[in-house]
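Working notes for the structure below.
Only heavy atoms go into these numbers, but all of them, side chains included; no hydrogens, no water, no symmetry mates.
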Amino acid sequence: MSARIEARNVSKRFGGVVALDDLSLDVAPGEVFGLIGPNGAGKTTFIRILTGFWLASEGDVRLDGVSVTRDRFRVQARLGYACEQPKLYADHSVDAFLRFVGGLRGLHGAGLRGAIGRSIERMGLEPVRGRRIGVLSKGFRQRVALAQALLHDPPLLVVDEPTVGLDPAQQIELRRILSGLRGTHTVLLCTHQLHEAEAICDRVALLDRGRLAAIATAEEIRAGAGLEALFLARVGRSAQAEPAT
């Protein structure tokens, strides 16, 4: 089960600051789709609008035809979200935390137990399921964050900077997990790491100053010598030329 994202003419302003400027893009069901760009490009702003935390100043985002502006609770029920700094209850065991989140999602009884078992297996959490989250490594905490995001088997998984601060082995494992969701879930990945997007994404959208600078498929990225070349061609050199603020 996967979902289609349709963003049309989405803008977001904070006073005189334009965080998103007339952004339109489509994400196909089952894609692993990347958002990249420098700081302030609008990536997090778009994610917060898609997930219903913020309202767009103009335009709209639809998930399988459902408008986040008009029916954000229906949209939120169909997505899971794992942020860069996940808010987890350190004094809960992994099992207890997932039971708590499952209850919030309306799961109970055998359905809840089955969902927890599937999430724990998928994320490789069996060895630590009875341990307190506060004593886990950052890599395992990120897996717990992904487990809770996927607990209700949502069509869309939104992931913001999932591998920041992880060691190379943990990064490889999380990328393997995210790649394994292709086809059964739509994955929207927000990352600063060009090699990460290049490694696992089917397509990548490059944002710059709130606008869509480019969209490239994996084949186009490889043919064009990689995302670094695309980034420098569309954004990097102008960003390097700007004075520090």
Side-chain angles (χ1 to χ4, degrees), residues 2-76 78-84 154-162 185-194 196-198 200-218 220-221 224 227-239 242:
S2 55
R4 178 180 299 279
I5 302 170
E6 300 168 291
R8 293 292 179 268
N9 308 111
V10 179
S11 296
K12 181 64 178 179
R13 293 183 295 274
F14 300 92
V17 176
V18 180
L20 277 181
D21 188 4
D22 197 35
L23 176 66
S24 294
L25 58 82
D26 293 275
V27 180
E31 267 195 297
V32 179
F33 190 92
L35 290 178
I36 65 170
N39 289 333
K43 304 183 300 296
T44 299
T45 299
F46 178 73
I47 283 177
R48 289 177 178 172
I49 291 172
L50 168 64
T51 54
F53 290 112
W54 287 348
L55 289 175
S57 301
E58 296 172 1
D60 196 10
V61 183
R62 294 177 178 270
L63 185 65
D64 287 335
V66 179
S67 164
V68 69
T69 301
R70 298 178 181 176
D71 203 347
R72 67 186 177 97
F73 294 118
R74 280 185 64 197
V75 170
Q76 289 171 341
R78 294 178 58 76
L79 63 84
Y81 179 41
C83 60
E84 178 181 353
L156 171 64
L157 174 65
V158 180
V159 193
D160 193 359
E161 300 288 356
H185 297 74
T186 302
V187 179
L188 182 67
L189 170 68
C190 178
T191 181
H192 282 96
Q193 301 189 52
L194 302 183
E196 181 166 88
E198 190 170 340
I200 69 174
C201 292
D202 300 304
R203 289 189 302 150
V204 173
L206 173 58
L207 303 186
D208 181 32
R209 306 178 198 187
R211 298 187 66 88
L212 180 63
I215 290 184
T217 66
E220 289 168 340
I221 291 166
L227 275 174
E228 183 176 355
L230 176 65
F231 185 87
L232 288 173
R234 299 298 178 93
V235 174
R237 294 189 179 94
S238 62
E242 292 181 351

Over all heavy atoms of both residues, which pair between [X] and [Y] is shortest? Give the atoms and the distance, please.
{"X": "Pro29", "Y": "Ser2", "result": "CB-OG, 3.3 Å"}
{"X": "Glu6", "Y": "Gly65", "result": "OE1-N, 4.3 Å"}
{"X": "Leu50", "Y": "Val158", "result": "CD2-CG2, 4.0 Å"}
{"X": "Pro162", "Y": "Cys190", "result": "CD-O, 4.2 Å"}
{"X": "Gln76", "Y": "Thr51", "result": "NE2-O, 2.9 Å"}

Is there a donor-acceptor pair under 3.5 Å between the side chain of [X] and the backbone N or O of [Y]?
{"X": "Glu161", "Y": "His192", "result": "yes"}
{"X": "Asp202", "Y": "Val32", "result": "yes"}
{"X": "Ser24", "Y": "Asn9", "result": "yes"}
{"X": "Thr186", "Y": "Gly30", "result": "yes"}

Salt bridge (charged side-chain N to carboxylate O under 4.0 Å, His left out) against [X], all qualifying residues, sequence neighbours excluded:
{"X": "Asp64", "answer": "Arg78"}
{"X": "Glu196", "answer": "Arg175"}
{"X": "Arg203", "answer": "Glu31"}
{"X": "Asp160", "answer": "none"}

Are any of the side-chain heavy atoms of [X] and [Y] separated by less than 4.5 Å?
{"X": "Leu35", "Y": "Leu189", "result": "no"}
{"X": "Leu188", "Y": "Leu157", "result": "no"}
{"X": "Leu23", "Y": "Asp21", "result": "no"}
{"X": "Asp26", "Y": "Arg8", "result": "yes"}
{"X": "Phe46", "Y": "Val61", "result": "yes"}
{"X": "Phe53", "Y": "Ile47", "result": "no"}

Thr45 pairs by side-chain contact (heavy atoms from CB on, under 4.5 Å) with which of Leu20, Val10, Val18, Leu207?
Leu20
When rounded to the nearest 0.5 angstrom, what distance separates CD in Glu84 from OG1 in Thr44?
8.0 Å
As a quick check of understanding, evaluate side-chain contact (heavy atoms from CB on, under 4.5 Å) for Thr191 and Ile36, giving each step before the final call.
CA-CA 6 Å; Thr191 181; Ile36 65 170; 4.0 Å; yes
For Ser67, which residues count as a side chain to side chain donor-acceptor pair (under 3.5 Å) partner, sequence neighbours excluded?
Asp60
side-chain contact (heavy atoms from CB on, under 4.5 Å) assessment of Ile49 paired with Leu55
CA-CA 6 Å; Ile49 291 172; Leu55 289 175; over 6 Å; no
Do other residues, nucleotides or ligands put more than 12 heavy atoms under 6.0 Å from the CZ atom of Phe14?
yes
With sequence neighbours left out, what residues match Ser57 under side-chain contact (heavy atoms from CB on, under 4.5 Å)?
Lys12, Arg13
Can Asp208 and Lys43 be counted as an ion pair, charged N to O under 4.0 angstrom?
no
